[in-house]
Student: 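Dumping the structure here so I can ask a few things about it.
Note that the structure is predicted; figures quoted are calculated from it, not measured. One-based numbering along the sequence shown.
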Amino acid sequence: MIMQKTTVTHKNRNAKTVDEFNYREMDSQLAGAAGTGVRYLAGDFIRQGKALDRFIVLKDDGCVLEIYMLFRSIEDLNEFNSHPISIRAKNIFAKKTWSITIEQYPVNDFL
């Protein structure tokens with residue numbers, strides 16, 4: 001198993017919700033969609049057994065978003081990251097003025 005932790009820091013964002021953090025002032029980039037589809041993709045991976053869990057933490061007064069996703073294997077993680085929905089989301093967010101850190105850790109135990 002492998003955990004991918006993505007930390008997104010956007011100084012002075014002060015978002016009240018995950019959607020506000022991600023999508024405030026993004027209407028034109030989303031072209032009327034409710035989001036990028038990554039949460040739906042994550043749900044598909046969980047339903048298929050390729051991922052075991054995913055959770056999102058909004059902290060530091062809405063200026064930091066942490067996304068944790070536990071994958072069965074590195075192959076499943078790579079499939080998720082190279083999926084067209086993930087790539088499209090990265091392109092949508094590429095012009096944002098936030099910093100993103102991605103960490104991956106092997107996980108030895110999961111209950």
Side-chain angles (χ1 to χ4, degrees):
M1 290 178 290
I2 187 160
M3 174 70 71
Q4 178 171 279
K5 175 187 174 190
T6 303
T7 304
V8 183
T9 304
H10 191 157
K11 293 184 189 238
N12 301 316
R13 188 68 168 168
N14 303 110
K16 304 291 184 227
T17 67
V18 171
D19 282 347
E20 182 184 358
F21 183 94
N22 281 328
Y23 306 125
R24 184 193 307 155
E25 301 164 356
M26 297 279 299
D27 294 336
S28 62
Q29 291 92 333
L30 293 174
T36 61
V38 172
R39 283 183 257 184
Y40 181 79
L41 178 64
D44 273 351
F45 269 64
I46 290 169
R47 285 185 286 279
Q48 294 171 21
K50 296 177 181 181
L52 300 171
D53 208 349
R54 181 175 196 259
F55 54 98
I56 302 171
V57 179
L58 182 63
K59 61 184 211 176
D60 294 344
D61 294 322
C63 298
V64 174
L65 187 71
E66 292 179 341
I67 305 161
Y68 298 84
M69 193 158 173
L70 182 61
F71 292 90
R72 272 216 194 270
S73 69
I74 190 68
E75 293 81 16
D76 294 327
L77 180 147
N78 289 336
E79 180 183 347
F80 183 85
N81 287 335
S82 64
H83 192 281
I85 290 174
S86 295
I87 292 169
R88 191 178 111 240
K90 289 173 192 166
N91 291 334
I92 288 171
F93 293 130
K95 294 179 182 154
K96 288 270 201 179
T97 59
W98 54 23
S99 87
I100 299 175
T101 304
I102 299 173
E103 302 168 83
Q104 297 171 348
Y105 307 98
V107 174
N108 295 321
D109 192 12
F110 178 72
L111 299 176

Student: Under the ring-ring contact (aromatic ring centres under 6.0 Å, His included) test, which residues partner Tyr40, sequence neighbours left out?
Tutor: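 Not a single residue meets the ring-ring contact (aromatic ring centres under 6.0 Å, His included) criterion with Tyr40.
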Student: Is atom CG of Asn14 surrounded by more than 12 heavy atoms (other residues, nucleotides or ligands) closer than 6.0 Å?
Tutor: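 Count over threshold, so yes.
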Student: To the nearest 0.5 angstrom, please state how far the CG atom of Asn22 sits from the OG1 atom of Thr17.
Tutor: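 One gets 8.5 Å once the value is rounded to the nearest 0.5 Å.
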Student: Determine whether His83 and Asp44 make a side-chain contact, defined as any pair of heavy atoms from C-beta on separated by less than 4.5 Å.
Tutor: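 No, their side chains stay 4.5 Å or more apart.
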Student: Looking at residues at least two apart in the chain, or sitting in another chain, which of them share a side chain to side chain donor-acceptor pair (under 3.5 Å) with Asn78?
Tutor: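 For Asn78, no residue satisfies side chain to side chain donor-acceptor pair (under 3.5 Å) once neighbours in sequence are set aside.
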Student: Are any of the side-chain heavy atoms of His10 and Leu65 separated by less than 4.5 Å?
Tutor: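 No, side chains not in contact.
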Student: For Glu20, enumerate each residue passing the side chain to side chain donor-acceptor pair (under 3.5 Å) test, keeping only those at least two apart in sequence or located in another chain.
Tutor: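 Partners of Glu20 by the side chain to side chain donor-acceptor pair (under 3.5 Å) criterion, ordered by chain and then number, come out as Arg24.
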Student: Could you tell me which residues satisfy side-chain contact (heavy atoms from CB on, under 4.5 Å) with Ile87, sequence neighbours excluded, listed by chain and number?
Tutor: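 Checked Ile87 against side-chain contact (heavy atoms from CB on, under 4.5 Å); matches are Asn91.
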Student: Quick check: is Met3 connected to Val64 through a chain of hydrophobic side chains (ILVMFWY, heavy atoms under 4.5 Å apart)?
Tutor: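 Shared cluster, no.
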Student: Tell me whether Leu58 shares a hydrophobic cluster with Phe93, the cluster being built from Ile, Leu, Val, Met, Phe, Trp, Tyr side chains joined at under 4.5 Å.
Tutor: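 Yes, one cluster joins them.
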Student: In terms of hydrophobic clustering (I, L, V, M, F, W, Y; side-chain heavy atoms under 4.5 Å; direct or indirect links), are Phe55 and Ile46 co-clustered?
Tutor: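 The answer is no; the residues belong to distinct hydrophobic clusters.
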Student: Would you please name every residue forming a salt bridge (charged side-chain N to carboxylate O under 4.0 Å, His left out) with Asp60, sequence neighbours left out?
Tutor: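 By the salt bridge (charged side-chain N to carboxylate O under 4.0 Å, His left out) rule, Asp60 matches no residue at all.
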Student: Residues two or more places apart in sequence or in another chain: which of them pass side chain to side chain donor-acceptor pair (under 3.5 Å) with Ser73?
Tutor: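 Partners of Ser73 under the side chain to side chain donor-acceptor pair (under 3.5 Å) test: Glu75, Asp76.
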Student: With sequence neighbours left out, write down each residue that passes ring-ring contact (aromatic ring centres under 6.0 Å, His included) with Phe45, or none if nothing qualifies.
Tutor: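 With sequence neighbours excluded, Phe45 shows a ring-ring contact (aromatic ring centres under 6.0 Å, His included) to Phe80, given in chain and number order.
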Student: Show me the donor-acceptor pairs within less than 3.5 Å that the side chains of residues 103-111 make with the rest of the protein, sequence neighbours left out.
Tutor:
unit_1, atom_1, unit_2, atom_2, d
Glu103, OE1, Tyr105, OH, 2.3
Gln104, NE2, Gln4, OE1, 3.0

Student: Determine the minimum heavy-atom distance between Leu41 and Ser86, stating which atoms define it.
Tutor: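 Closest approach of Leu41 to Ser86: CD2-OG, 3.5 Å.
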Student: Enter the distance from Leu70:CG to Lys5:NZ here, rounded to the nearest 0.5 Å.
Tutor: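 NZ of Lys5 is found 14.5 Å from CG of Leu70.
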Student: Is Lys11 atom NZ crowded by more than 12 heavy atoms from other residues, nucleotides or ligands, each under 6.0 Å away?
Tutor: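 No - once you tally the heavy atoms of other residues, nucleotides and ligands closer than 6.0 Å, there are 12 at most.
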Student: Between Gly49 and Arg72, which heavy-atom pair has the shortest distance, and what is it?
Tutor: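 Where Gly49 meets Arg72 most closely, the heavy atoms are O-NE, 2.9 Å.
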Student: Does the side chain of Val8 come within less than 4.5 Å of Phe21's, by heavy atoms?
Tutor: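 In short, these two side chains touch, coming nearer than 4.5 Å.
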Student: What heavy-atom pair brings Gly62 and Arg13 nearest, and what distance separates the two atoms?
Tutor: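 Heavy atoms only, the tightest pair is O-CB, 3.5 Å.
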Student: Mind checking salt bridge (charged side-chain N to carboxylate O under 4.0 Å, His left out) for Lys59 and listing every partner two or more places apart, or none if nothing turns up?
Tutor: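 For Lys59, the residues satisfying salt bridge (charged side-chain N to carboxylate O under 4.0 Å, His left out) (neighbours in sequence not counted) are Glu66.
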Student: Enter the distance from Ile56:CD1 to Tyr68:OH here, rounded to the nearest 0.5 Å.
Tutor: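 The distance works out to 11.5 Å.
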